[in-house]
Chemist: 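Sharing a structure, written as structure tokens. Questions coming.
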Amino acid sequence: MAKIQTPQPVRGTQDIFGEDQERFQQVVETFERIRRLYGFKGVQMPVFEPTAVFARSLGETTDVVSKEMYSFEDRGGDSLTLRPEFTAGICRAFLSNGWQQHMPMKLSTHGPLFRYERPQKGRYRQFHQLDAEIIGASEPAADVELLCFADQLLKELGIDDGVTLQLNTLGDAESRDAWRSALVEHFSDHQAELSDDSKTRLAKNPLRILDSKAPNDRPIVDAAPTIDSYLTAEASEFFAQVTEGLNSCNVAWTRDSSLVRGFDYYRHTAFEFVTDRLGAQGTVLGGGRFDGLMEALGGPHIPAVGWAAGIERLGMLLDAPEMIGPNAIFVPLGEGCEAAAMKLMGELRRSGLSCEMAYKGNMKKRMQKANAAGAAHVVIIGENELANGVVAVKNLTSGDQREIVFDGLVEALAK
RNA sequence: GCGAUUGUAGCUCAGUUGGUUAGAGCGCCGGUUUGUGGUACCGGAGGUCGGGGGUUCAAGACCCCUCAAUCGCCCCA
């Protein structure tokens with residue numbers, strides 16, 4: 001018989017278990033706790049959408065749309081796409097359900113996203129993000145609240161040390177268009193000296209040349225006009241209010257006038273929380289204002305701000321999580337003892353104490369299991385104990401062992 | 001999509017200029033201890049050397065192809 005080959009996981013996917021799972025969980029739980037403090041409602045969307053939802057909103061020329069989407073035809077011949085980001089899907093849901101009535105609307109979600117990219121550290125084909133959006137608010141206070149949320153999240157995860165908030169404004173549509181034209185003009189004048197990548201960017205997305213890592217591009221980039229010269233009075237005032245708000249909330253930030261974001265829908269505020277501890281994947285949380293997105297999806301003009309953060313990336317920055325074992329491991333030995341143990345375990349669990357049963361092997365084997373599981377106590381119940389209505393409770397830290405009557409077990413283990 | 005490095009036991013890795021039966025540590029199983037863990041000692045199982053093809057008397061090692069991982073570019077969380 002031919003040997004069956006073991007299947008391999010799909011490239012860029014991961015099975016998250018053990019310590020990685022603890023890290024993942026800690027990130028999500030912290031996020032869920034803090035988003036409630038800020039009054040964000042949870043929302044769940046489908047993981048796939050009609051392809052047009054992403055193609056229209058992100059910008060047809062962006063890499064995500066042109067080469068990184070997982071798109072496929074379903075049996076009815078419709079083109080569907082696994083979501084590569086949250087924002088477009090949230091906006092679609094907003095329009096589909098007529099959520100205008102709830103504006104301004106603070107929404108948060110988290111879950112898997114899919115991009116067909118070359119895997120690297122902190123970059124996967126199926127990856128996971130946290131996401132927070134405020135829809136229907138054109139006030140800078142919304143930007144400030146969102147950034148405070150992000151800042152508090154990173155602080156409570158204990159990873160704010162070494163992570164900096166870089167902030168920029170892309171201006172309103174008028175400012176952005178004027179700046180863009182000026183940039184195109186500037187870079188066209190120096191086209192011959194630009195790197196090949198930047199020549200391509202000049203045609204596709206000239207703002208991104210500002211991000212170029214090619215050393216030869218640096219002098220040209222440094223000499224490029226900055227947004228500040230093209231900001232309208234309104235856009236300038238908006239940015240000033242955002243930065244003042246951050247200052248009064250004690251959120252540390254640095255201005256990065258070359259910071260632009262990948263997708264076409266960004267306006268005004270753009271920001272990234274960046275670390276140098278993850279190699280080339282330095283952005284740990286990023287977002288901005290996307291006042292034009294709803295219209296791109298055929299809806300009315302509805303301003304919005306939002307950010308997303310990579311769960312895996314945040315998890316990698318966390319201190320090693322403590323593995324906490326159960327309060328007790330039960331070791332039943334002999335006739336009728338398993339049933340008695342089950343009953344006691346039920347009482348413990350209803351009292352909020354965690355416990356498991358070691359039901360295999362000799363005493364030594366079971367003690368080893370309890371120790372390896374990191375249990376605080378072992379509860380031994382043999383035929384002698386059962387007959388006397390007691391259990392032997394051994395504290396695995398101190399090594400002390402004593403007998404406890406059934407009714408006193410919850411109290412004995414609770415401390 | 002491009003470039004570089006790597007792939008040997010469940011895990012982390014040795015393996016000399018190609019040469020007998022491929023090793024170690026940890027983990028796992030068993031024993032010293034038939035109802036008592038952590039430490040120690042003894043024993044055991046476990047590998048078609050990522051996969052396929054080639055060179056050679058002989059390949060874990062050399063060559064080609066392929067798959068995967070890691071790092072960088074692109075882009076992005």
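All chains are named by letter (A, B, ...) in the order of the sequence lines, taking the proteins before the strands, and each is independently numbered beginning at 1.
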Chemist: Can you measure A:Gln368 atom CD to B:rG35 atom P for me and round it to whole angstrom units?
Modeler: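 About 13 Å, once rounded to whole Å.
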Chemist: Roughly how far apart, to the nearest Å, are B:rG50 and B:rG7 at atom C1'?
Modeler: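 Approximately 6 Å lies between the C1' atom of B:rG50 and that of B:rG7.
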Chemist: In whole Å, measure the gap between the P atoms of B:rC57 and B:rU48 for me.
Modeler: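 Each nucleotide's P atom is 28 Å from the other's.
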Chemist: Assert yes or no for the condition that the ring centre distance of A:Phe54 to A:Tyr70 is strictly below 6.0 Å.
Modeler: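 For A:Phe54 and A:Tyr70, the ring centres are not under 6.0 Å apart.
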Chemist: Using the closest heavy atom to pick a nucleotide of RNA chain B for each, name whichever of A:Arg201 or A:Lys121 lands nearer the 5' end.
Modeler: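 Nearest nucleotide further toward 5': that of A:Lys121.
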Chemist: Base of B:rC76, side chain of A:Arg313 - is there a donor-acceptor contact under 3.5 Å?
Modeler: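 Donor-acceptor pair under 3.5 Å: yes.
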Chemist: For A:Asn362 and B:rU32, give me the distance from atom CG to atom P, rounded to whole Å.
Modeler: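 One finds 10 Å between P of B:rU32 and CG of A:Asn362, rounded.
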Chemist: Distance between the P atoms of B:rC13 and B:rC73, in whole angstroms?
Modeler: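 After rounding to an integer number of Å, I get 24 Å for this pair.
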Chemist: Which word best sums up how the rings of A:His190 and A:His186 line up, parallel for under 30°, tilted for 30 to 60°, or perpendicular for over 60°?
Modeler: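 A:His190 vs A:His186 ring planes: tilted.
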Chemist: A:Gly122 near the nucleic acid: base, sugar-phosphate alone, or nothing, with a heavy-atom cut-off under 4.0 Å?
Modeler: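 Base contact.
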Chemist: Using a cut-off of less than 4.0 Å, is there contact between a side-chain N or O of A:Arg118 and OP1 or OP2 of B:rC75?
Modeler: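 For B:rC75, OP1/OP2 do not have a side-chain N/O of A:Arg118 under 4.0 Å.
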Chemist: Give a yes/no answer on whether the side chain of A:Lys365 brings an N or O atom under 4.0 Å of OP1 or OP2 in B:rG30.
Modeler: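 It does, given that an N or O in the side chain of A:Lys365 lies less than 4.0 Å from OP1 or OP2 of B:rG30.
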Chemist: Ring centroid separation for A:Phe273 and A:Trp307, is it under 6.0 angstrom?
Modeler: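 No.
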Chemist: Has A:Lys394 got a side-chain N or O lying under 4.0 Å from the OP1 or OP2 atom of B:rG37?
Modeler: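 Looking at the OP1 and OP2 atoms of B:rG37, neither is under 4.0 Å from any side-chain N or O of A:Lys394.
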Chemist: Is there a donor on the side chain of A:Lys364 or the base of B:rU32 sitting less than 3.5 Å from an acceptor on the other?
Modeler: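 Answer yes: a donor N or O sits under 3.5 Å from an acceptor.
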Chemist: Who does B:rC62 pair with, Watson-Crick or G-U, both distances under 3.5 Å?
Modeler: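 Looking at the geometry, B:rC62 pairs with B:rG54.
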Chemist: Can you find a side chain N or O atom of A:Gln120 that sits less than 4.0 Å from OP1 or OP2 on B:rG72?
Modeler: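 Yes, within the criterion.
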Chemist: Nearest-Å distance, OH (A:Tyr124) to C1' (B:rC75)?
Modeler: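 Rounded to whole Å, this separation is 17 Å.
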Chemist: For A:Asp197 and A:Ser195, does a side-chain donor sit closer than 3.5 Å to a side-chain acceptor?
Modeler: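 Absent: no donor and acceptor within the cut-off.
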Chemist: Pick the P atom in B:rG31 and in B:rU36, then give their distance to the nearest Å.
Modeler: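 To the nearest whole Å, 13 Å.
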Chemist: Please give the distance between the C1' atoms of B:rA68 and B:rA22 as a whole number of Å.
Modeler: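 These two C1' atoms come out 24 Å apart once rounded.
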Chemist: Can you tell me how far P in B:rC67 sits from the matching atom in B:rG52, rounded to whole Å?
Modeler: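 Rounded to whole Å, the distance is 15 Å.
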Chemist: A:Met363 has an atom CE; how far is it from atom P of B:rU32, in whole Å?
Modeler: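 Between P of B:rU32 and CE of A:Met363: 16 Å.
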Chemist: Can you check the A:Glu68 CD to B:rC76 C1' distance for me, whole Å?
Modeler: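 Interatomic distance, CD of A:Glu68 to C1' of B:rC76: 7 Å.
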Chemist: Would you please classify the geometry between the A:Phe31 ring and the A:Phe149 ring as parallel, tilted or perpendicular, with 30° and 60° separating the classes?
Modeler: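 Aromatic pair A:Phe149/A:Phe31 classed parallel.
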Chemist: So A:Phe24 and A:His128, ring-ring contact (aromatic ring centres under 6.0 Å, His included) or not? Walk me through it.
Modeler: CA-CA 9 Å; A:Phe24 193 103; A:His128 302 79; 5.1 Å; yes
Chemist: Once you apply a heavy-atom cut-off of 4.0 Å, does A:Ile380 come out as touching a base, just sugar-phosphate, or nothing?
Modeler: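 It contacts base atoms.
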Chemist: A:Arg366 side chain N/O closer than 4.0 Å to the phosphate oxygens (OP1, OP2) of B:rG35?
Modeler: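 It does not, given that no N or O in the side chain of A:Arg366 lies less than 4.0 Å from OP1 or OP2 of B:rG35.
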Chemist: Please report, rounded to the nearest Å, how far the C1' atom of B:rC76 is from the CZ atom of A:Phe127.
Modeler: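 In whole Å, B:rC76 C1' lies 8 Å from A:Phe127 CZ.
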Chemist: Could you check A:Ser212 against A:Glu383 and say which one's nearest nucleotide on RNA chain B is further toward the 5' end?
Modeler: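 The residue mapped nearer the 5' terminus is A:Glu383.
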Chemist: Rounded to whole Å, how long is the line connecting atom CD1 of A:Ile381 with atom P of B:rU36?
Modeler: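 Distance, rounded to whole Å: 18 Å.
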Chemist: Using only modelled atom types and a 3.5 angstrom limit, is any donor from either the side chain of A:Arg115 or the base of B:rC75 paired with an acceptor on the other?
Modeler: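 In this structure, the two groups form no donor-acceptor pair.
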Chemist: Work out how far the P atom of B:rU20 is from that of B:rU33, and round it to whole angstrom.
Modeler: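 Those two atoms are separated by 43 Å.
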